[in-house]
Amino acid sequence: MAGNGDITGTEPIMEEEEKVAYIKEVLPAIEEDKEEAYLDRWWRSFHYLFAEEYPDPRSILIELNYTHFGNDALEDERFHFKDQINVLLVLDVSGSMANEIDGKSMLQMAKDSIYNFTSDLPDEANIGVRVYGHEGDSTEQTKEESCRATDLLYDFQQANINDIQDVIDPLKPKGWTPIGRSLEQAKEDFSAFPGENNTNLVYIVSDGIETCEGDPVTAAKELADSNIKSIVNVIGFNVGIEGQSHLREIAEAGGGIYTNAGNEDELREALDRGEALIQQWKEWKEGEIRNISEQIKEQESQAIRSRGEWLDIVADENYNHNFILRALHSEGYINRKAYEYMMSRYYERRDLYKEIRENEFESLEEEIEKNYTTQLEKIEEEYEKIMEEKN
């Protein structure tokens with residue numbers, strides 16, 4: 001039921017009467033007094049139906065680093081452009097990728113999005129493609145075989161769309177999901193490209209969590225902390241809430257961004273951001289340098305926009321909770337005791353999210369200002385060194 005808000009919702013938006021009718025279909029009436037434990041379960045189920053996805057304030061600084069990738073004043077040197085950029089695409093070919101959205105398999109959507117991504121990349125960029133889930137099947141009998149299988153089908157080189165299609169087109173969704181092992185192997189893939197003079201990026205496209213008892217969070221962190229200094233990004237393709245949490249944790253451990261893509265357009269959009277970054281690297285190589293003061297203004301604007309986005313999401317979610325609970329009570333579907341309990345939980349959540357918005361975004365803006373001050377100090381130090389050398 002998420003996405004049905006007047007401010008942030010996407011068409012078609014359900015009418016209020018439809019929302020109330022749907023709740024009646026999936027949640028039982030509360031006509032008699034119930035214990036608080038029962039009311040709590042009902043509330044959690046009710047809220048789950050309308051829970052919106054909020055931008056994570058903790059990830060915004062990482063996203064801002066991406067926005068200003070290539071700026072040598074950034075504290076994390078992994079976000080500095082180096083002489084060479086290398087991008088490893090890690091594609092999930094597990095059995096669940098056979099699921100369809102609007103009549104098209106998720107795997108075919110992922111393939112087409114990768115073809116679109118690689119078709120216009122600059123010749124100077126190196127692209128590699130690794131896959132997993134392409135061996136065995138989804139049964140226990142072949143689990144061990146499937147969990148071992150993760151292969152670099154296209155070794156790092158200039159992107160040739162025909163060659164990439166030749167190795168990816170035949171793939172069929174089959175097996176399990178060894179994300180951890182794939183990231184361990186990615187360390188070998190990047191072995192010829194140390195982070196000292198290479199910008200190394202990973203983009204994982206997966207529709208679910210690790211299913212092979214691997215530890216992808218640790219593997220992502222080790223990859224980021226190694227001499228390769230890679231950044232691990234994850235695109236969750238049509239993933240449930242549990243899967244989103246798991247995949248986001250992998251991205252955070254790898255110092256990258258988690259992006260949730262619910263359909264093919266959103267998947268392409270997520271990969272397009274990576275393509276834009278590579279084009280930015282090419283511009284950097286050709287000598288185009290962006291002004292730091294302009295960048296900090298963009299960072300501040302992004303923080304303000306994100307703070308506003310939080311407020312809009314809170315408003316939409318609160319309206320749905322408030323309106324539907326009042327309607328259910330007025331129609332006698334939930335009694336007064338249940339209604340008062342649900343409203344108290346609603347007010348608790350509203351106040352909590354407003355508090356998070358104020359505290360987290362205030363900290364974010366302070367961090368941006370701190371980074372700006374640090375950048376200016378570094379520039380001043382470099383200027384003083386140059387003047388001393390001249391004198």
Please check this pair: side chain of [X] against backbone of [Y], looking for a donor-acceptor N/O pair closer than 3.5 Å.
{"X": "R181", "Y": "R148", "answer": "yes"}
{"X": "T211", "Y": "T177", "answer": "yes"}
{"X": "E52", "Y": "G3", "answer": "yes"}
{"X": "Q165", "Y": "D169", "answer": "no"}
{"X": "T142", "Y": "E145", "answer": "no"}

Could you tell me whether the side chain of [Y] reaches within less than 4.5 Å of the side chain of [X], counting heavy atoms only?
{"X": "P194", "Y": "I228", "result": "no"}
{"X": "F237", "Y": "D92", "result": "no"}
{"X": "K82", "Y": "W281", "result": "no"}
{"X": "I168", "Y": "Y115", "result": "yes"}
{"X": "Q84", "Y": "N126", "result": "yes"}
{"X": "E275", "Y": "D120", "result": "yes"}
{"X": "M106", "Y": "E100", "result": "no"}
{"X": "E264", "Y": "D102", "result": "no"}

In terms of hydrophobic clusters joined by side-chain contacts under 4.5 Å, are [X] and [Y] together?
{"X": "I7", "Y": "I324", "result": "no"}
{"X": "W42", "Y": "M1", "result": "yes"}
{"X": "Y319", "Y": "L311", "result": "no"}
{"X": "V217", "Y": "W176", "result": "no"}

What's the separation between atom [atom1] in [X] and atom [atom2] in [Y], rounded to the nearest 0.5 Å?
{"X": "E283", "Y": "I278", "atom1": "CD", "atom2": "CD1", "result": "12.5 Å"}
{"X": "I13", "Y": "E18", "atom1": "CD1", "atom2": "CD", "result": "11.0 Å"}
{"X": "L247", "Y": "I204", "atom1": "CG", "atom2": "CD1", "result": "8.0 Å"}
{"X": "D155", "Y": "D163", "atom1": "CG", "atom2": "CG", "result": "12.5 Å"}
{"X": "I209", "Y": "E242", "atom1": "CD1", "atom2": "CD", "result": "4.5 Å"}
{"X": "D40", "Y": "M342", "atom1": "CG", "atom2": "CE", "result": "8.5 Å"}

Hey, what's the ring geometry for F156 with F193, parallel, tilted or perpendicular (30° and 60° as the breaks)?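 Rings of F156 and F193: perpendicular, as their planes differ by over 60°.
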What class does the angle between the rings of F46 and W43 fall in, given that below 30° is parallel, 30 to 60° is tilted and above 60° is perpendicular?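 Correct class here is tilted.
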Taking all non-hydrogen atoms of both residues into account, name the closest pair between [X] and [Y] and its distance.
{"X": "G136", "Y": "S146", "result": "CA-CB, 4.5 Å"}
{"X": "Y132", "Y": "P178", "result": "CD1-CD, 3.5 Å"}
{"X": "K282", "Y": "P122", "result": "CD-CB, 3.6 Å"}
{"X": "S230", "Y": "L223", "result": "OG-CG, 3.0 Å"}
{"X": "R326", "Y": "M343", "result": "NH2-CE, 4.0 Å"}
{"X": "Y258", "Y": "N260", "result": "OH-OD1, 2.9 Å"}

Test: [X] and [Y] ion pair at under 4.0 Å:
{"X": "R273", "Y": "E269", "value": "yes"}
{"X": "R130", "Y": "D189", "value": "yes"}
{"X": "E252", "Y": "R248", "value": "no"}
{"X": "K172", "Y": "E135", "value": "no"}
{"X": "E222", "Y": "K187", "value": "no"}
{"X": "R350", "Y": "E317", "value": "no"}

Is it the case that [X] and [Y] place a side-chain donor and acceptor less than 3.5 Å from each other?
{"X": "E31", "Y": "N335", "answer": "no"}
{"X": "T8", "Y": "D312", "answer": "no"}
{"X": "Y22", "Y": "E17", "answer": "no"}

Using salt bridge (charged side-chain N to carboxylate O under 4.0 Å, His left out), reason through K19 and E15 one step at a time and then give a plain yes or no. CA-CA 7 Å; K19 299 175 190 176; E15 298 292 334; over 6 Å; no
Quick check on [X]: does its [atom1] atom have over 12 non-hydrogen neighbours (other residues, nucleotides or ligands) under 6.0 Å away?
{"X": "K221", "atom1": "NZ", "result": "no"}
{"X": "E144", "atom1": "CD", "result": "no"}
{"X": "Y48", "atom1": "OH", "result": "no"}

Intermediate values then yes/no, side chain to side chain contact (heavy atoms under 4.5 Å, CB included), L91 and V93: CA-CA 6 Å; L91 176 61; V93 193; 4.1 Å; yes
For K34, all residues meeting side chain to side chain contact (heavy atoms under 4.5 Å, CB included), sequence neighbours excluded: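 K34: side chain to side chain contact (heavy atoms under 4.5 Å, CB included) contacts with I30, Y38, L39.
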Give the intermediate values and the outcome of salt bridge (charged side-chain N to carboxylate O under 4.0 Å, His left out) for residues E36 and K337. CA-CA 10 Å; E36 185 170 318; K337 179 181 177 181; over 6 Å; no
Option from L88, N86, I85 for which side chain to side chain contact (heavy atoms under 4.5 Å, CB included) with L201 holds: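 One option only clears the test, and that one is I85.
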Tell me which one of I161, L267, L271, D272 satisfies side chain to side chain contact (heavy atoms under 4.5 Å, CB included) with N116.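 So the option named by the test is D272.
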Y341 vs I334, side chain to side chain contact (heavy atoms under 4.5 Å, CB included): CA-CA, chis, key distance, verdict: CA-CA 11 Å; Y341 177 86; I334 59 176; over 6 Å; no
I'd like to know whether E196 forms a salt bridge (charged side-chain N to carboxylate O under 4.0 Å, His left out) with K229, so could you lay out the CA-CA distance, the side-chain angles of the two residues, the decisive distance to 0.1 Å, and finally the verdict. CA-CA 8 Å; E196 183 177 357; K229 302 186 187 305; over 6 Å; no
Would you list the pairs meeting disulfide bond (SG atoms under 2.5 Å apart) in which at least one residue belongs to residues 125-236, sequence neighbours left out?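 Found C147-C212.
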Show your working on side chain to side chain contact (heavy atoms under 4.5 Å, CB included) between N233 and I235 and close with a plain yes or no. CA-CA 7 Å; N233 305 283; I235 302 171; 6.0 Å; no
Take Y203 and V87 through the side chain to side chain contact (heavy atoms under 4.5 Å, CB included) test and state the conclusion after the steps. CA-CA 8 Å; Y203 287 91; V87 181; 3.7 Å; yes
Does NZ or CZ of R345 lie under 6.0 Å from the centre of the six-membered ring of Y347, at an angle within 45° of the ring axis?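 Negative - R345 is either too far from the ring of Y347 or too far off its axis.
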